[in-house]
Each structure stands twice: as C-alpha cells, then as structure tokens.
Amino acid sequence: MKKIFYRVFSSVIFLLIVCQAAALAANRPISMNAARSSISQEKVRVVFQFDSLPVYQTAVDQSGKNITIDFSGVDAAKVQSVMNINDDVVQTVTIKNTQSGCRAIIALNQVVPYEVNVLHNPDRIFIDIQRYYEHSITQNVESGLDYTVYNRRNESGVLKAYILNVDPAKFTFVPVLGGGRTLGKNTVSSMSDYYNAAAAVNASYFGGTKDVYGLTKIDGTIATTTYLPRTAFGVDNNNKPIIATVNYDGSIHTKNGDFPISGVNCERSADTIVEYNSFFGSSTGTNEYGIEYTVVNNKIAKINTNDTTLRDGQTVISAHGSMKDGLSGLKVGDEMTINENLGTAWNNALEIVGVGPRLVKDGQISINADEEQIGPDVTGGQAPRTAAAIKSDGHVLLVVVDGRCAQSDGLTLNGLAQLLIQFGAKDAVNFDGGGSSEIVLGGEIENTPSDGMERPVGVALAVVKR
C-alpha cells in the first residue's frame, strides 16, 4: 500500500514539475537576438532577428518621419539600444523594452514609402525603407549610338526611362509604316526588323487600319497629312535633324485652274480632292462617285472612275463632287502639276514624322498642346511617354518612359520636358504614348509596354546605319 502511495505521490510531483516548467516556458519572453541594417542604392533594410516569431504592429506618426514597430512579448536586452545609420533617408533606430514587450522606433529624415515582411530559419522581421535615388547605366552600342537606362525615385514617385543618343553622322532616321512601306498597323519590333534597324521607337498617333494623325514623309514623298499645324521631327536632305511646326498646303495646277488638295492617303470625303500614292497600298479603294487621274511627270497618264491601281513613281488625284466638276474636260496627256508646301524648314526634308505637342524650345520647357489642339488623353496625368529631342551638338535623343507599372509611374508632359532638358535637349517633341510607348534595340524590346505586350502602331521611327 505504501509503495502505491509513493508511486502516486511521485507521479503527482513529476506532473507538477512538468506543468510548472511549461508555465515558466509559456511566460518566458521571446528574445530579440540581433538587430542590423544594410544600405543599397534603392533602399535601407532594417532586420530584427528572434528565437521565435513574435506578434508585431506597425504605425507611423503624423509627421510621417517616425515608424514605430511594437513587438509583443519580446525582450530586447541582448541588442544595442540605438543604431546610428546616418543615411540620407534613415537617421537612427532606437530599441527599448516596454511593459508588453519591446518597441523599435525608426527615425527618418524624409517621408518615404516602406514595407514590412518576415523571413524564417532564423525568424526575422525586416522593414525595407525606400530611398530617393537617381542612377543610370550607359553603354556604347556601336560608334555613334549610346544607350542609357535611367532610374529614379523622388517625391513624385518612381521612374524608369530608356534613352538613345544617336549621332546623325553615323545613322539616319526613317519613318516605318505598319506595312513596311504601306499604311497599316504592326508592332515596333516588326517594323524595326523591316529595315534591320539598329533601334526603333513608336512615333505617330494613329486610329483605324490606315489612319495616321500626323504628317509623314518618307524618302522625300508625303505618305500622310494632318488637318492642322503640329510639331514634327525629321531630317533634311543633308541628314540634319529638325524639330519644327509642319503644315501641309497642297494644290494641283491644271488648264482648268488651281484646286486645293484636302489630304494625302486619307479617306476622300464630299467635294474634295485627295492625293494617293503607293504608300496607301495597292489601290485607292474609292467608290464610283468620283474621278481619278493617274499623274506621271506632271502629265495625266490615265483616267479612271474609282479604285485605281497605285504604283511607285505615280500619283493618283481623286476628286469628288464640286472638285470633280471643276476638273471636267481634262484628258490623258494634259498637264497636272502637284504643288505641296510644308513650310521653309520642311520642303527639302526627306523624312518627317508629325506628332506633337512641342515640349522644349531653345533649351526651355515650351509645351504648346492647346495651340496644336491635343486633348487630355495625351496631356493628362502621368503616363508612359515617347519623345524625340535634338541636343546642342546635333545629336538626337529618342526617349521612352515606362508607366502604369510597379517600376515606373510615368511622367506628365512637363516632367518629360524636364527629363529631356536634363539629358541635354535643346528642342524636343512628344510622340504617341501610353500603351504604344516602346523602344527596340537590336531587335529586342527594352522597356515594359504598359499593355503587357506590344501594341500594333501606325508609324515607328527607325534608326538605320548610314
């Protein structure tokens, strides 16, 4: 009987000891074993290491410059109470025990974004504090062509830009249509491949299958026109780059008199004359309610009612309504001279892409979006952007800015102008942006198009070795 009593008594004592040990273990604080920091170009990381992961809560004071992290049931006696970081973003980290555990206070020099995360084996809680930064990497692709990737974070957000610096003595700039040399839509990489270009960017605004909202000139021949003056980029017959306002003024001279041309390679509307050439496609695609004159060397070579075949070296003048009546009586062999005036800066230009608005003039921000009737879909807010600029040394900058993604917020037109001036722009013009913004180098897409894929566009600008 005594033996049984002693066994029971021993078992009870053992259980009491186990329970007491468990209770002591349950009440024992979690130990913060280490606290450290590291600094990179883009962030400051502060790490807290524990023997097991605690519950924690993060808060920021009204100034936004003090981040507080409360760790429940944690003893921080093993770590130093103050970490002096003395970075331009993070000043100090102060760690002290409280009644419920311990508290870390991270004192900032400026308000910046931060993110808290956990890691295991060993258990750690870390906070990444974003730094304001600005850095770029430039590589010489080949003689006359430099490529820069530019990264920045400031109070306006994050930015990633891609910059080509091109020497016109070594390269020329060629507008590429969606079909190569006919109107259509295609990806910038495919359009770059058409010319085996060293690089290419998207260029003009566009609409339907063959609609380009800007003046385009290729190899000295006008491919598209616009209905009002806008800023354009191009090169003259000496390959000198130009940024200036371009305005199409076209007419035909006949024995019946002079008649205005409403546009080139566009839809023929009522009572107008439209000029067509091989950039439009294989034929004019017009209906039977007009009359069309095929012109070769300022002479009428053929007369047709509609859908006239288009060939290199020939121009078709398509007239409707009152314009058709005005040309009545003309016959094959009669003179028909086509006169086109683009302005002093552009009449001798070989290549032109008309876009807009202007961004920089004589090294100063000069945005004329209202004057060029460019709407809020282009001018509003931060967005992906594409632009061309001319530097004082005559080199050309082609710039693409990512936007609408984690790595880059995009830019306003004013912000884009500032960036271009930072990289030396004397004059600059905005190209189409948004999901169209794309830069291709050596056949490879360099940026992150905001659509998540390449968007087919109407016109690209290719950089082609001379």
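When reading the values below, keep in mind they use all heavy atoms of this one structure, side chains included, and skip hydrogens, waters and symmetry mates. The structure displayed is predicted, hence computed values, not measured ones.
Counting all heavy atoms, side chain and backbone alike, Leu359 lies closest to Ile367 at O-CG1, 3.9 Å. Scanning all heavy atoms of the two residues, the minimum distance from Ser156 to Asp409 falls at O-OD2, 4.0 Å. Looking at every heavy atom in both residues, Asn202 comes nearest to Gly433 through ND2-N, 4.5 Å. The minimum heavy-atom distance linking Ala462 with Ala200 is given by the pair CA-CB, 4.1 Å. Among all heavy-atom pairs drawn from Gly321 and Asp271, the shortest one is CA-OD1, 3.3 Å.
Two residues are said to be in side-chain contact when any heavy atoms from C-beta on lie closer than 4.5 Å; Ile105 and Asn66 meet this criterion.
Here Asp236 does not pair with Lys240 in a salt bridge; the nearest charged N to carboxylate O distance is not below 4.0 Å. Contact check on Asp128 versus Lys43 returns a salt bridge, with a Lys/Arg side-chain nitrogen under 4.0 Å from an Asp/Glu carboxylate oxygen. Checked for salt-bridge contact, Asp219 and Arg181 meet the test: a charged N lies under 4.0 Å from a carboxylate O. Between Asp87 and Arg131, at least one side-chain nitrogen of the basic residue sits less than 4.0 Å from a carboxylate oxygen of the acidic one, meeting the salt-bridge criterion.
The CZ atom of Arg385 lies 12.0 Å from the OG atom of Ser436; values are rounded to the nearest 0.5 Å. Atoms CD and OG, on Gln314 and Ser278 in that order, are 9.0 Å from each other to the nearest 0.5 Å.
Shown here is Asp61, whose CG atom has more than 12 heavy atoms of other residues, nucleotides or ligands within 6.0 Å. More than 12 heavy atoms of other residues, nucleotides or ligands sit less than 6.0 Å from atom OH of Tyr132. Remark: Gln110 CD is packed, more than 12 non-hydrogen atoms of other residues, nucleotides or ligands lying under 6.0 Å away. Within 6.0 Å of CG in Leu228 there are more than 12 heavy atoms belonging to other residues, nucleotides or ligands. By the neighbour-count criterion of 12 heavy atoms within 6.0 Å, atom CD of Glu444 is sparsely surrounded, having that number or fewer from other residues, nucleotides or ligands. Annotation for Asn196: atom CG does not count as buried by contact number, only 12 or fewer foreign heavy atoms lying within 6.0 Å.
Judged purely by atom type and a 3.5 angstrom limit, Glu275 has no side-chain atom pairing as donor or acceptor with the backbone of Gly263.
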Give the intermediate values and the outcome of side-chain contact (heavy atoms from CB on, under 4.5 Å) for residues Ser204 and Phe431. CA-CA 6 Å; Ser204 305; Phe431 283 5; over 6 Å; no
Take Leu441 and Leu164 through the test side-chain contact (heavy atoms from CB on, under 4.5 Å) and record every step on the way to the result. CA-CA 9 Å; Leu441 182 65; Leu164 293 170; 4.0 Å; yes
Take Tyr56 and Phe48 through the test ring pair (Phe, Tyr, Trp, His ring centres under 6.0 Å) and record every step on the way to the result. CA-CA 11 Å; Tyr56 67 93; Phe48 305 98; 9.7 Å; no
Give the intermediate values and the outcome of ring pair (Phe, Tyr, Trp, His ring centres under 6.0 Å) for residues Tyr248 and Tyr227. CA-CA 8 Å; Tyr248 178 80; Tyr227 57 92; over 10 Å; no
Yes or no on side-chain contact (heavy atoms from CB on, under 4.5 Å) for Asn265 and Asn277, after CA distance, side-chain angles and deciding distance? CA-CA 7 Å; Asn265 291 333; Asn277 55 45; 2.9 Å; yes
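A side-chain N or O of Ser143 and one of Lys170 form a donor-acceptor pair less than 3.5 Å apart. Checked by atom type, the side-chain pair Thr284/Glu292 shows a donor-acceptor distance below 3.5 Å. A donor-acceptor contact closer than 3.5 angstrom is absent between the side chains of Ser189 and Ser192. Judged purely by distance below 3.5 Å, without hydrogens or angles, the side chains of Asn347 and Asn341 pair a donor atom with an acceptor atom.
Note: Tyr147 and Tyr162 have parallel aromatic rings, judged against thresholds of 30 and 60 degrees for the angle between ring planes.
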